[in-house]
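Because the structure is a prediction, the values reported are computed rather than measured. In the text below, chain A, chain B and the rest are named by the order of the sequence lines, each starting its count at 1.
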Amino acid sequence: MVDSRKLDGKLRGKQDADFIFHEFTRSICPQCKRVIDAQVIIRDKKVYMRKRCPDHGWFEGIISSDAKMYVDSIGFNKPGTIPLDFTTEVDKGCPLDCGLCPEHKQHICLALIEVNTGCNLDCPICFADAGAGFSLTLEQVEGMLDRYVETEGNPEVVQFSGGEPTIHPGLPAMIQAAMDRGIGQVMVNTNGIRLARDDKFLETMAKLNPVIYFQFDGLRRETYRTIRGEDLLETKLLALDRMERVGLDAVLVAAIEHDINLDEVGAILEFGLENPAVRGVVLQPVTHVGRHIPFDAMRRVTIPDVIHGIVEQTNGRFLLEDFVPVPCCFPTCQVNSYVYVDEGQVTPLPRLLKIEDYLDYITNVALPKVPDAAQIREALEGLWSASAVPGSDKTTDQFQCACGPGLDLPFGIDHLNKHIFQIAIKDFLDAYTFNVKQVMKCCVAVLVPDGRSIPFCAYNSVGYREQVREELTRQQKEGKF
Amino acid sequence: MTSNSDLHTKACCAELYQSDLARMLLGDSLHPGGLRLTNRLGRLMGLSRGHWLADLASGRGASAGAIARSFHCRVIGIEYGREAVVDARRLSLDAPVPADSWFIQGDAEMPPLKPGSFDAVFAECAFSVFPDKELAIAQAAALLKPGGRLGMSDVTVEPGFLPEELNTSLGQMLCVTGALGMEGYADLLSHAGLVNIYREEASLHVSELLTKIKAALTTFSVLAGMVGSQEQTPVFGELSPETDWLGLVGRLERLVSAGQLGYWLYVGERPA
């Protein structure tokens, strides 16, 4: 006889699961990095990834704190562009054949070159785990740039990173080498310490005029003590003043974490909007790769946390609708917004134009019936792309084209360059959130001296970074470069 | 013997290239494709460390500097425009990363350089504006050492397809008034005794340039319409309001798709 009641006295019967099964994908084991199956589920209006490693058991982590935003973003996905050449072959399957292999679904919008592993800081949080290792030669970097030109034809953006690239004595020649090859935009990813302290270096950078991708985690001293290990606020502010004085454009880049600076995202954005050297902000939920402080995978910061933070902390200046997913990569990876700023008045571009009419490729059957709709879509694709560099003429042109008739824009590209502001929120993957389908369409890649370009999140999570670093460090010790 | 009208063309052309309008549309390297194509041409010429190069019609020296640095070569630039030469020298001295490049003022059709002493000679958007192309190519080829290579990138207009409106200074700036057809340049190289002639199409860059011009024109007309005035920004000062510029750009785009207007790279070698 079957007992009709369970031990707790409740009636036995079928019950609903407490989650919605959203999709099946592949990920990696956070402990051994082996590729394993994974489920994406929705529970309590939040999105989680669950997966099981045969050796290390079950893992679960949050990937989006707003299921509606996550699901609504899916249509913002455009067909990828095939690069001119691939560097590796399909063998073990994604993400172990990077890259790029012929199964990759997108070309490279933004290439990173990590010129060294050394740094002039020792941050508790560092995705690159900066420290002793290698330092590339100009010749190696030239070879990587040449390969980038071969695979892309017209590479759009290269970003020099590290370690800390500004302590590499060859950095100016490397920047020049990228410019000499006609690469449209060159960025330098830096903590800004050398820009704050070294007059001669500042002057050299001013002449080369790359866009400075400037780590700027907030406006509280405590934030820097926690994330960077020391109080850097004065140095950061000094660096910005000096950049403005010599005409260098900066993008503020903040690593965002709960209980540290999530409550500062509004302040960072407003500070950027008011600072004359700043052309945009990039807010990046802290990635738990490389060096990181202990974290709870069920409580990491995700893109919706940052958007909600901005909306709540800016007194109605921004709405949720002002942030739109980027369709060149996978739409859950990044959201962007653009604003036109004039005399304290802030006008977000999505208020002038229904961006989803142009960039939601799956729901929309046809483009809006307005003159130049195709041109507007092209301009918006340029703006909602990982290759959009704030402050560049190209970005300004695209902004102008997208909203020309909708906004009373004063004449002159120089004026506009200084009044268009980009907001980007990028959620890089770590071992808990790693999703093969996102990596397969990733358009940000790390260039390696052997000619490969490895999608950024695969580079950081799967073990490529460690392999490349070990190999290059060994080669340099043996005097091979 | 160079005629007065040829001298006038050269002077006028040199002046045009020094204008802000040209720089805005074409970038510092003043030709479609910018330094990307310069770099490609350098690769096709097989440049390597220590080579001596001459850059004919070197403008403000952007290409010469980029080639010298990218391929670790030494470049001598010849430029007719005095102001451009002064700028090129100043920019070169002021460059944060020095390049092995020098600039002299002179007629690139008859370069004051020692024949037989260069590993490579290159000319970007130069032959299309040279009034005496046969003389220029003979002089350029003579500069090469045996086995040396001449690289050329230029606008091509198939004979008879130049729109009337482009027989103007705008046409000169776009290098189309004196441009040859796609075969014309190849013939020029072989008539000068060069061998192993290679060519590669880069017309996509002309389409890109036309798109850029169209965007600038559209924005301008939208803005002018919005404020309801004929006021012109300095950038567009040379464009006459009566001309149907957008229509012209559209015609040029069609010529590019039909292969009647384009941009090509050529490399030829002096026999050893």
Side-chain angles (χ1 to χ4, degrees), chain A residues 138-139 142-143 145-146 148-150 152-156 170-184 200-210 371-372 375-376 378-379 382 393-394 396-416, chain B residues 20 24-25 27-29 31-43 49 62-73 91 93-99 101 202 204-205 208 211-227 229 231-236 246:
Chain A
L138 175 61
E139 265 184 342
E142 285 175 335
L145 291 167
D146 286 338
Y148 185 33
V149 172
E150 267 171 22
E152 282 294 314
N154 56 344
E156 295 179 61
L171 181 68
M174 292 168 178
I175 295 171
Q176 183 73 62
M179 292 174 167
D180 284 341
R181 281 158 180 76
I183 295 176
K200 199 149 179 274
F201 179 74
L202 180 74
E203 194 188 315
T204 305
M205 285 300 120
K207 282 183 185 170
L208 289 165
N209 201 27
D372 303 325
Q375 235 173 315
I376 292 175
E378 199 177 310
D393 284 356
K394 191 172 171 193
T396 306
D397 280 348
Q398 287 163 339
F399 186 92
Q400 212 167 4
C401 177
C403 68
L407 186 64
D408 193 5
L409 297 175
F411 286 170
I413 202 163
D414 288 343
H415 168 90
L416 275 177
Chain B
D20 288 338
M24 185 204 76
L25 291 175
D28 279 339
S29 57
H31 61 84
L35 292 178
R36 255 187 277 157
L37 272 192
T38 302
N39 192 262
R40 177 73 191 147
L41 188 62
R43 285 207 201 195
R49 193 175 285 274
S63 294
I67 286 267
R69 278 185 298 257
S70 299
F71 297 92
H72 307 279
C73 298
L91 289 169
L93 281 176
D94 205 30
V97 182
S101 55
L204 199 61
H205 296 277
E208 280 173 10
T211 308
K212 200 168 158 187
I213 293 174
K214 199 161 68 176
L217 288 168
T218 311
T219 308
F220 174 67
S221 63
V222 166
L223 293 175
M226 264 168 42
V227 298
S229 82
E231 191 189 337
Q232 288 178 22
T233 62
V235 167
F236 295 95
L246 270 176

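For the pair Asp180(A) and Ser70(B), the tightest heavy-atom approach, listed with the atom from each and the gap, is CB-OG, 3.5 Å. Of all non-hydrogen atoms in Pro96(B) and Thr204(A), the two that sit nearest each other are CB-CG2, 3.9 Å.
Between Leu35(B) and Met179(A) the shortest side-chain heavy-atom distance does not fall below 4.5 Å.
Considering only heavy-atom pairs separated by less than 4.5 Å from chain B, the leading option among Ile175(A), Leu145(A), Asn154(A), Val149(A) is Asn154(A). The candidate with the highest count of non-hydrogen atom pairs below 4.5 Å against chain B, out of Arg181(A), Lys207(A), Glu203(A), is Arg181(A).
Annotation: Glu139(A), atom CD; neighbour count of heavy atoms from other residues, nucleotides and ligands within 6.0 Å does not exceed 12.
When heavy atoms are compared at a cutoff of 4.5 Å, His72(B) approaches chain A solely by way of its side chain, counted from C-beta outward. Neither the backbone nor the side chain of Arg40(B) comes within less than 4.5 Å of any heavy atom of chain A.
With sequence neighbours left out, Asn209(A) forms a side-chain contact (heavy atoms from CB on, under 4.5 Å) with Leu248(A). In this structure, the side-chain contact (heavy atoms from CB on, under 4.5 Å) partners of Glu152(A), at least two apart in sequence or on a different chain, are Pro83(A), His107(A), Ile108(A), Tyr148(A), Pro155(A).
From Asp146(A), atom CG reaches atom CG of Asn39(B) across 6.0 Å, with rounding to the nearest 0.5 Å. Here CD of Glu142(A) is found 11.0 Å from CZ of Arg69(B). Values are rounded to the nearest 0.5 Å.
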